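I have placed the structure first, in the form of structure tokens, so that the comments after it can refer back to it.
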Amino acid sequence: MKKLTLQEEEVMLAIWQAGKGFIKDIVDQMPDPKPPYTTVASTVRKLEQKGFVVSEKFANALRYSPKVKEAEYKKRFLNGFVDDYFKSSYKELVTFFARDKKISPEELKEIINLIEESEK
């Protein structure tokens, strides 16, 4: 699976939100200021070429839907991010955010509770 560009990720987020939709539906899901229709259409075609979306023909239009699940994409690239920047250590990742005061002690306790509950 290839890493998406920022523009492709923004469009892909809109597709995940829409579920299925035509280019207009995808544009409608995007935050303001909305990109031009033609830009979104071009990006969706690239996403289809990369295997992230599939299309169905309806009369003269194509309806797009995600081929790759959002959770699958996030998991794969978060793992790559941790591998590249934190020596494959999630402990290093959490330590980085704790030292930078981006995560509170209460949030860390919640994370510990989640981990302990998932081990039961």
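Keep in mind that this is a model prediction, so the values were computed, not measured. These values consider heavy atoms only, across backbone and side chains, with no hydrogens, waters or symmetry-generated copies.
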Problem set entry | hydrophobic_cluster_shared for V82 and I115, side chain cutoff 4.5 Å | yes
For this session: Could you tell me which non-hydrogen atom of V54 sits nearest to which non-hydrogen atom of E48, and how far apart they are?
Result: C-OE2, 4.1 Å
For this session: Look only at the side chain of T95 and the backbone of K91, and say whether a donor-acceptor pair between them is shorter than 3.5 Å.
Result: yes
Exercise. How would you list all residue pairs meeting salt bridge (charged side-chain N to carboxylate O under 4.0 Å, His left out) that involve residues 21-40, not counting sequence neighbours?
Worked result: K24-D28, D32-K34
Problem set entry | Separation of R99 CZ from E92 CD (nearest 0.5 Å) | 7.5 Å
Problem set entry | Separation of F77 CZ from D84 CG (nearest 0.5 Å) | 10.5 Å
Seminar exercise, completed: Separation between NZ (K46) and NZ (K50), nearest 0.5 Å, reads 8.0 Å
Exercise. Would the number of heavy atoms belonging to other residues, nucleotides or ligands and lying under 6.0 Å from OH of Y90 be above 12?
Worked result: yes
For this session: Taking all heavy atoms of L108 and all of A98, pick out the closest pair and write down the distance.
Result: CD1-CB, 4.5 Å
Exercise. For the atom pair CD (E107) and CD (E110), what is the distance rounded to the nearest 0.5 Å?
Worked result: 6.5 Å
Problem set entry | same_hphob_cluster(L4, F81) at 4.5 Å side-chain heavy-atom cutoff | no
Exercise. Relative to each other, are the rings of W16 and Y73 parallel, tilted or perpendicular (30° and 60° limits)?
Worked result: tilted
Exercise. Do I103 and I111 come close enough that some side-chain heavy atom pair is under 4.5 Å?
Worked result: yes
For this session: Please report the closest heavy-atom contact between I26 and A14, naming both atoms and the distance.
Result: O-CB, 3.6 Å
Problem set entry | Minimum side-chain heavy-atom gap Y64-I23 below 4.5 Å | yes
Exercise. About how many Å separate OG1 of T39 and CD of E10, when rounded to the nearest 0.5 Å?
Worked result: 11.5 Å
For this session: Indicate the atoms forming the closest heavy-atom contact of P66 with G19, along with that distance.
Result: CD-O, 2.8 Å
For this session: Write down the atom of P35, the atom of V40, and the distance for their closest heavy-atom approach.
Result: CG-CG2, 3.5 Å
Exercise. Going hydrophobic residue to hydrophobic residue with side-chain gaps under 4.5 angstrom, can you get from V68 over to L62?
Worked result: yes
Exercise. Can you hop from M12 to L78 via hydrophobic side chains spaced under 4.5 Å?
Worked result: no
Problem set entry | Nearest-0.5 Å distance that lies between atom CD in Q17 and atom CD in Q29 | 5.0 Å
For this session: Determine the interplanar angle of the F58 and F22 rings, folded into 0 to 90°, and report it as parallel if under 30°, tilted if 30 to 60°, perpendicular if over 60°.
Result: perpendicular
